[in-house]
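As structure tokens, the structure follows; a few thoughts come after it.
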Protein chains: 2
Amino acid sequence: MGRLVLLLLLAFLMPGLAIPVPPALKALSNLHLSTSFTSRPSVVMKYSIHYIEQKIDHFGFKNDKTFNQRYLIADQHWRKEGGSILFYTGNEGDIIWFCNNTGFMWDVAEELKAMLVFAEHRYYGQSLPFGADSFRDSRHLNFLTSEQALADFAELIKHLKRTIPGAENQPVIALGGSYGGMLAAWFRMKYPHIVVGALAASAPIWQFEDIVPCGVFMKIVTTDFKRSGPNCSESIQSSWDAINRLTRNGTGMDWLSEALHLCTPLKNAQDVQHLKDWISETWVNLAMVDYPYESNFLQPLPAWPIKVVCQYLKNPNLSDKKLLQNIFQALNVYYNYSGQARCLNMSETSTSSLGSLGWSYQACTEIVMPFCTNGIDDMFEPQPWDLKTFSDECFKQWGVKPRPSWITSMYGGKNISSHTNIIFRNLRRTKMAA
Amino acid sequence: MGRLVLLLLLAFLMPGLAIPVPPALKALSNLHLSTSFTSRPSVVMKYSIHYIEQKIDHFGFKNDKTFNQRYLIADQHWRKEGGSILFYTGNEGDIIWFCNNTGFMWDVAEELKAMLVFAEHRYYGQSLPFGADSFRDSRHLNFLTSEQALADFAELIKHLKRTIPGAENQPVIALGGSYGGMLAAWFRMKYPHIVVGALAASAPIWQFEDIVPCGVFMKIVTTDFKRSGPNCSESIQSSWDAINRLTRNGTGMDWLSEALHLCTPLKNAQDVQHLKDWISETWVNLAMVDYPYESNFLQPLPAWPIKVVCQYLKNPNLSDKKLLQNIFQALNVYYNYSGQARCLNMSETSTSSLGSLGWSYQACTEIVMPFCTNGIDDMFEPQPWDLKTFSDECFKQWGVKPRPSWITSMYGGKNISSHTNIIFRNLRRTKMAA
């Protein structure tokens, strides 16, 4: 389930309410949105691309090699007098894609006379410590940790202050969303001498060990569907057994492959499991990008996409085949809003700008987030959190074992009251009046 | 000069003053003293010895191996109700030796109903990650860093709170002196969720990069000698040239070897340099243990040992031979207070409980402290701080290169105002009325 949490925005839909979204909150909700949807559609995103030489290993001295970390600078609104530096703590993907989709920073740049800096996270985009070999094995992946990434950020800011005249005494504020939001918060916690504060948007810093129940996240996703249309979550809930029944034999698999317009037909039980995982991930992704306006972040989507999806999922008591034909219509909203897809490709759920290899490794080492479903409080097939199985799979794939309690040792879990100037921003999005 | 700073206590002597030392201050000045010299000579030091399994590498996942870290617990005064935990952040040596010499913690244990925990620093004492191979090469030494040591401490405290009934909700306070004092401070900075505060005694957290001038430390050492007797520092200052003149030929070397009762006679210029380094280090060590009472920390010593040394060094204008005969008397105070030494051994300057190999590596990697002398503001031979030469020597000895700016990136240098509950205790020791 590691991939599920790439960009979790913990969005809540409240269709019964009709509270207008205040502009400030709206700007924040755009943290992952293309600026064409922000309150200032005219913002021009002009940046320059730079590279800094970083130690591959900040925490050991045997390996003294370096790599080039990429970062972007947008300084058209920056002023040496009274200005500031907004520092995006890049997360698990190509930094240019995040830069183009982080409207908030562009929106506030002029007002804050701010220099915008977008730092790419090591092992993503072009910032690969060992080039094409970076993901080859656990030896090459050994330097992919949040601690190394934060050290990169610290060295980068020191470098900027040393080399850009006028930057030295300006305050630096860290910003990020999702995993990048955790990094922004952790950066302020560990390097308060380098950043004066942090804005951590949708940063699930509690999604570790047993700080919150493992079912919470999927329950929230389910709530999004529950509130977006009558019987919507129930229809999804019914779909799993329908799939199981239909795929008991080859004929059923063939029928389902065609009904879902799959690019590669289902051939065996493993494919069926993959199908269900892929569909689950689709619902989760929809919850993460359920914006109140047309958008194009993970996929091109209409406004309130879950509401659109739920228009096809009003009756959970249909025959298996009818229900799954509706599921196809629903999937089609996510994968084919542009109308150009000729078939649905199970090997993709979102943009290729995200680094799925790197994230899979991080989820298998430090960023161990226990997720589970029980099929009662949520609309998914029951799947308990099983550290042993998870650990075995990680070892098989990467040759490493997860350390589920390390992040809490390192960053404090809930016990973070000693820290200051960190804004944790978690949206409970409210529906605007039509 | 790396070895010079093992236990720098920044002691000042002020013989002109006759201010009685307040008991609290006296207790603190004993941080590195055997308890037999503390205000409570009757304290019984009873502790139990334990081991905890620690990851060799907290910051990477390729190496999942573990080692046993040693720690000591003294809980005779500990109370579950209203008690606390005093945690000694072990520095570069055998933890039992530090435990026996850290009177302050034993002194306050009863009043604070405190459990005393003394944690051994990895790569020192018995806490060797690779046993006898730990110092073999840069690969085995790669996990000897302050960050790894702090992570050990964090995991140890979590373990104690989990396993000792009644410990879970008690406050933990970190304590340490010199390098251990830096660790105590850094521990509170980086893990405020684990320790509520820190007492950092004689912790030279500014002795990095150019935060303070590189000559400050040796100037302070010189001041200690200047204030302990007339012409004392001048005599030492004259002694270097006297040595240089005398050792121009073999006869002179023989004479000097005999005059100084050296166990191994001087044979060449390299030996002469070694002699001068060894004498310099002796003066520095004396400044670090210039306690107002008889003590036995680095060596058995009389009260105010520099004052005793200076009784032999009243005239800098003697002939070279006479001056060096006096230098011998002075060295003899440090190396032969017990009267049992048959010769002076240049390969030893202090207790073998300190781990000189490990410290040499740390000084060559993270703990890069620039020291220099100019022979004008101090009593030593001029020696500029030369990073290039230092770096080359480090690479020759350990196969690693120092990163002089890393500690400041990591821990903030002077810019630490975001942190709370850290007491930095630097003694300007005052002489008690005779």
Side-chain angles (χ1 to χ4, degrees), chain A residues 55 57-64 137-148 150-151 153-159 162 188-197 361-362 364-366 394-395 398-403 405-406 408-421, chain B residues 55 57-64 137-148 150-151 153-159 162 188-197 361-362 364-366 394-395 398-403 405-406 408-421:
Chain A
K55 297 276 180 207
D57 189 4
H58 293 288
F59 298 98
F61 292 76
K62 184 193 61 177
N63 179 345
D64 206 41
D137 53 32
S138 66
R139 193 166 63 84
H140 289 85
L141 279 157
N142 197 44
F143 312 99
L144 172 50
T145 64
S146 62
E147 291 85 353
Q148 300 275 8
L150 295 182
F153 297 155
E155 294 290 8
L156 171 54
I157 291 171
K158 277 181 79 172
H159 168 78
R162 212 166 33 227
R188 168 65 186 165
M189 292 178 195
K190 296 295 183 183
Y191 297 85
H193 52 288
I194 290 181
V195 285
V196 299
Y361 174 84
Q362 288 195 265
C364 271
T365 47
E366 275 192 321
C394 286
F395 193 75
W398 297 112
V400 293
K401 284 181 193 152
R403 297 179 191 165
S405 66
W406 169 245
T408 318
S409 295
M410 189 65 189
Y411 299 113
K414 274 193 165 180
N415 189 359
I416 56 172
S417 58
S418 301
H419 303 291
T420 56
N421 295 354
Chain B
K55 297 276 179 207
D57 188 3
H58 293 287
F59 298 98
F61 291 77
K62 185 193 61 178
N63 179 344
D64 205 42
D137 53 32
S138 66
R139 195 165 61 84
H140 290 86
L141 279 159
N142 197 43
F143 311 100
L144 172 50
T145 65
S146 62
E147 292 86 352
Q148 299 275 10
L150 295 182
F153 297 155
E155 294 290 7
L156 171 53
I157 291 172
K158 277 183 77 172
H159 169 77
R162 213 166 34 226
R188 167 64 186 167
M189 292 179 194
K190 296 294 183 184
Y191 296 86
H193 51 288
I194 289 182
V195 285
V196 300
Y361 174 85
Q362 288 195 266
C364 270
T365 48
E366 274 191 320
C394 286
F395 193 75
W398 297 112
V400 294
K401 284 181 194 151
R403 297 181 190 164
S405 67
W406 170 245
T408 317
S409 294
M410 188 65 188
Y411 300 113
K414 274 193 166 180
N415 188 0
I416 55 171
S417 59
S418 300
H419 303 289
T420 55
N421 295 353

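Here is the naming used below: chain letters follow the sequence lines, and residue numbers restart at 1 for every chain. Basis for what follows: all heavy atoms, side chains included, without hydrogens, waters or symmetry-related copies.
Looking at Glu155(B) and Trp406(A), their side chains come closer than 4.5 Å, going by heavy atoms from C-beta outward. In this structure the side chain of Asp64(B) reaches within 4.5 angstrom of the side chain of Arg403(A), judged on heavy atoms.
Heavy-atom distances place both the backbone and the side chain of Asp57(A) under 4.5 Å from chain B. In this structure, no portion of Ile416(B) lies under 4.5 Å from any heavy atom of chain A. Contacts of Ser417(A) with chain B are absent, with no heavy-atom separation under 4.5 Å from either backbone or side chain. Contact annotation for Phe143(B): neither backbone nor side-chain heavy atoms come within less than 4.5 Å of a heavy atom of chain A. For Thr420(A), no part sits under 4.5 Å from any heavy atom of chain B, backbone or side chain. Interface residue Lys55(A): only side-chain heavy atoms are found under 4.5 Å from chain B.
The aromatic rings of Tyr361(B) and Phe61(A) lie perpendicular to each other, with more than 60° between the two planes, well past the 30° mark.
Across all their heavy atoms, His193(B) and Gly412(A) have their closest contact at CD2-CA, 3.2 Å.
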For Lys158(B) and Ser405(A): C-alpha separation, side-chain torsions, deciding distance, then whether side chain to side chain contact (heavy atoms under 4.5 Å, CB included) applies.
CA-CA 10 Å; Lys158(B) 277 183 77 172; Ser405(A) 66; 4.2 Å; yes
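Distance check: Glu366(A) CD to His58(B) NE2 gives 12.5 Å after rounding to the nearest 0.5 Å.
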